[in-house]
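First the structure, in the form of structure tokens, and then the observations on it.
Computation of the quantities below employed the complete heavy-atom set of this structure, encompassing side-chain atoms and omitting hydrogens, waters and symmetry-equivalent molecules. Positions are given from 1, in the same order as the sequence printed here. Whatever order the structure lists ligands and atoms in, that order sets their numbers, starting from 1.
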Amino acid sequence: MPIKIENLTYTYMPGTPFEKKALDNINITIEDGEFAVFIGHTGSGKSTLIQQINGLLKPTSGNIFIDDVDITNKAVKLNDIRKKVGLVFQYPEYQLFEETIEKDIAFGPKNMGLSEEEVSIRVRKAMKMVGLEYEIFKDKSPFELSGGQKRRVAIAGVVAMEPRVLILDEPTAGLDPKGRDDILYEIKKLQKEYKMTIILVSHSMEDVAKIADKVFVMYDSKCILSGNLDEVFNEIDTLEKVGLAVPKVTYLTRKLREKGFDISNDVFTIEAAKKEILRVLESAKND
Ligand code: ADP
């Protein structure tokens, strides 16, 4: 069942001098099993939106349906929403606090009232899902780990609650390029192998190009553009107007195309560019 957001508006501190409309009439659908990315600059409303999807904030007006249930309805319990929709905040490793990784990841499932045995199964599974080997890491302190590993532990803590929808706010922030790629790969795996619906917040077009099925562009509290990767990346003018850009490699390959090379218009990653350029060179050789 898709996530459907209808006419969603949210205002912080209404009726005060600090009143601020953070979401303005948002209408979007995310399909089951899809990888959706929200992109936009700081202050465009991304964090506010994802907090609505897991019930942390209630809309000023509008509706959010998950599994046909309107979660904005007062009768819907927050705990029931959280079981379905897990949220990984920005820099989630700051919230690690237990003395071992195993205990940290077990915290969420334990709070759900699961048996010790079930908690232990969940912890092992969640560690595997994020690429942390159980025997190697279980007794380590989270504080002994690298930045990327800490972040995986934090993600595993949410994954261990087995949500069907996983929301991640800037999961690559502050990591080096290798760390960023590793985390994106693990998250993509959660979608592909474990059939989770993923909602990810980012401001990097390079990251988006590597992973997204669907892109939502946020600007000034509104969703101004949405669609598949190529649909959104073809709207270069609109993207540039709001201070975003397509990946650098796309500018390069489109320039080559302008110069007469028979290169696809839809090259968004370095990997794809390499393939396309080699293909063009190969066919030139054969001519
Ligand atoms: P993003 O995640 O895209 O950076 P946010 O959702 O955090 O955007 O913010 C959207 C707007 O709401 C911004 O103008 C921001 O200043 C404002 N805002 C965010 N959180 C609060 C808050 N707790 N109180 C008041 N205004 C807020």
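Which of Asp169, Leu49, Thr48 comes nearest to atom 5 (P) of ligand 1 through a heavy atom is settled by distance: it is Thr48.
Using a 4.0 Å threshold on non-hydrogen atoms, atom 16 (O) of ligand 1 does not count as touching the protein.
Between Arg279 and Glu276, at least one side-chain nitrogen of the basic residue sits less than 4.0 Å from a carboxylate oxygen of the acidic one, meeting the salt-bridge criterion. A salt bridge links Lys178 with Asp182; the closest basic N to acidic carboxylate O contact falls under 4.0 Å. Arg180 has no carboxylate O lying under 4.0 Å from a charged side-chain N of Glu206, or vice versa, which leaves the two without a salt bridge. No salt bridge links Arg254 with Glu258; every basic N to acidic carboxylate O contact stays at or beyond 4.0 Å.
Remark: ligand 1 atoms within the under-4.0 Å shell around heavy atoms of Thr42 are 4 (O). Near His41, the atoms of ligand 1 lying under 4.0 angstrom from a non-hydrogen atom of the residue are 3 (O). Counting atoms of ligand 1 from 1 in the listed order, those under 4.0 Å from a heavy atom of Met13 are 24 (N), 25 (C). Contact atoms of ligand 1 toward Ala22: 10 (C), 11 (C), 12 (O) (distance under 4.0 Å to a heavy atom of the residue).
Using a 4.0 Å cut-off between heavy atoms, Lys20 contacts ligand 1 through its side chain alone, with no backbone atom that close.
Glu170 and Tyr91 form no side-chain donor-acceptor contact under 3.5 Å, judged by distance and modelled atom types alone.
Under a 4.0 angstrom heavy-atom cut-off, Ser44 registers as being in contact with ligand 1.
The CD1 atom of Ile81 sits 11.5 Å away from the NZ atom of Lys83 when rounded to the nearest 0.5 Å.
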